[in-house]
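Structure record follows, encoded as structure tokens.
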2 protein chains.
Amino acid sequence: MTKHHSDLSLLFHALADPTRRSILTQLAEKPARVTDLADPTGLRLPTVMRHLSVLEEAGLIATSKDGRVRTCAIVLEAMEPVRTWIDEQRAIWESRLDRLDAFVMDVMKERGK
Amino acid sequence: MTKHHSDLSLLFHALADPTRRSILTQLAEKPARVTDLADPTGLRLPTVMRHLSVLEEAGLIATSKDGRVRTCAIVLEAMEPVRTWIDEQRAIWESRLDRLDAFVMDVMKERGK
DNA sequence: ATGATAGTTAGCATTATGACTAAGCATCAT
DNA sequence: ATGATGCTTAGTCATAATGCTAACTATCAT
């Protein structure tokens, strides 16, 4: 595979893990500390740290440290490219329908002659 | 990790690979045979087959075989859960804002007294 | 200054992913 | 019936992903 992950690959990959998605859902409620995020997962801290860094590298969360506490917050806008990509696929698909329509119109014109 | 992938995990995982996304984009234009999909990737057939089965297991494509030719088509609706999930996160996030709004309203009412 | 708390780093084991080659099977055209 | 075509299967390999423990650092409370 490519060493160069596109933003989209990073995003989709980050979202492909249930633990990470549940972390995001929790963060959608409100920002939280690392430990608060680890608790409900039942996973060890280092494991959760890893998930958090995947999320952060994908731009899906932002974190800041105050004293010994790191606070994480969701970055909802980061999901936009996902929606955009899906919309693009739909647009391509619809343009195919348009072409079919055009083709049908041509055929009908042809028959009308 | 879990042996049991949720639909969402399957979907996001399938979409996380650039080759698979480009295959989907090609299929959004029009259905295609396995070889037609393999060509532009520069990958070998068995590799592409694997990508196709990932896409099919995620429900993102449907395939059918006629003689020795397998034709693949995109299943756009399959992407809906992705959009829905993202919308849900936004909804949660917005309900948090609502709560903040309510709080601010309260404060302002308080000050107006 | 001591101990508890919060997070971090390093290293390891297991499994999953993505690529390949080689060989096989089923059509289709001649 | 033979060869070409299109796909499929099996097996291999390298790398990445996910989990863990153990040990470490930095803060905060007393």
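Throughout, protein chains are lettered first and strands after them, A, B, ... in sequence-line order, and every chain is numbered starting at 1.
Remark: A:R68 is not in phosphate contact with C:dT8, judged by side-chain N or O atoms under 4.0 Å from OP1 or OP2. The side chain of B:H51 places an N or O atom within less than 4.0 Å of a non-bridging phosphate oxygen (OP1 or OP2) of C:dA19. At C:dT17, none of the side-chain N or O atoms of A:H13 fall inside 4.0 Å of OP1 or OP2 (strictly under the cut-off). The phosphate of C:dT21 has OP1 or OP2 within less than 4.0 Å of a side-chain N or O from B:R44. Between B:T47 and the phosphate of C:dC20, there is a side-chain N or O to OP1/OP2 separation shorter than 4.0 Å.
A:R33 comes within contact range of the sugar-phosphate backbone alone, with a heavy-atom separation under 4.0 Å but no base atom that close.
At a cut-off of 3.5 angstrom, counting only N and O atoms as typed in the model, there is no donor on one side facing an acceptor on the other between the side-chain of A:R50 and the base of D:dT18.
Looking at B:L11 and B:W85, their side chains never come closer than 4.5 Å, going by heavy atoms from C-beta outward.
Note on A:L10: it does not cluster hydrophobically with A:L27, by side-chain heavy-atom contacts below 4.5 Å among ILVMFWY residues. Grouping the Ile, Leu, Val, Met, Phe, Trp and Tyr side chains by contacts below 4.5 angstrom, directly or via other members, places B:L76 with B:L15.
Take the nearest nucleotide of DNA chain C for B:D66 and for B:V54: the residue whose nucleotide is more 5' is B:V54. Each of A:G67 and B:M49 was assigned the nucleotide of DNA chain D with the nearest heavy atom; the assignment lying further toward the 5' end belongs to B:M49.
Separating the CZ atom of B:R70 from the P atom of C:dT27 is a distance of 12 Å, rounded to the nearest angstrom. Taking atom CG on B:L52 and atom P on C:dA19, their separation rounds to 12 Å, with Å as the unit.
Closest approach to the A:P46 side chain among D:dG19, C:dC20, C:dT8 is made by C:dT8 (side chain taken as heavy atoms from C-beta onward). Comparing atom distances between the A:L45 side chain and each of C:dA19, C:dT8, D:dT18 picks out C:dT8 as nearest.
Across all non-hydrogen atoms, the minimal contact from A:R83 to B:R83 is NH1-NH1, 3.7 Å.
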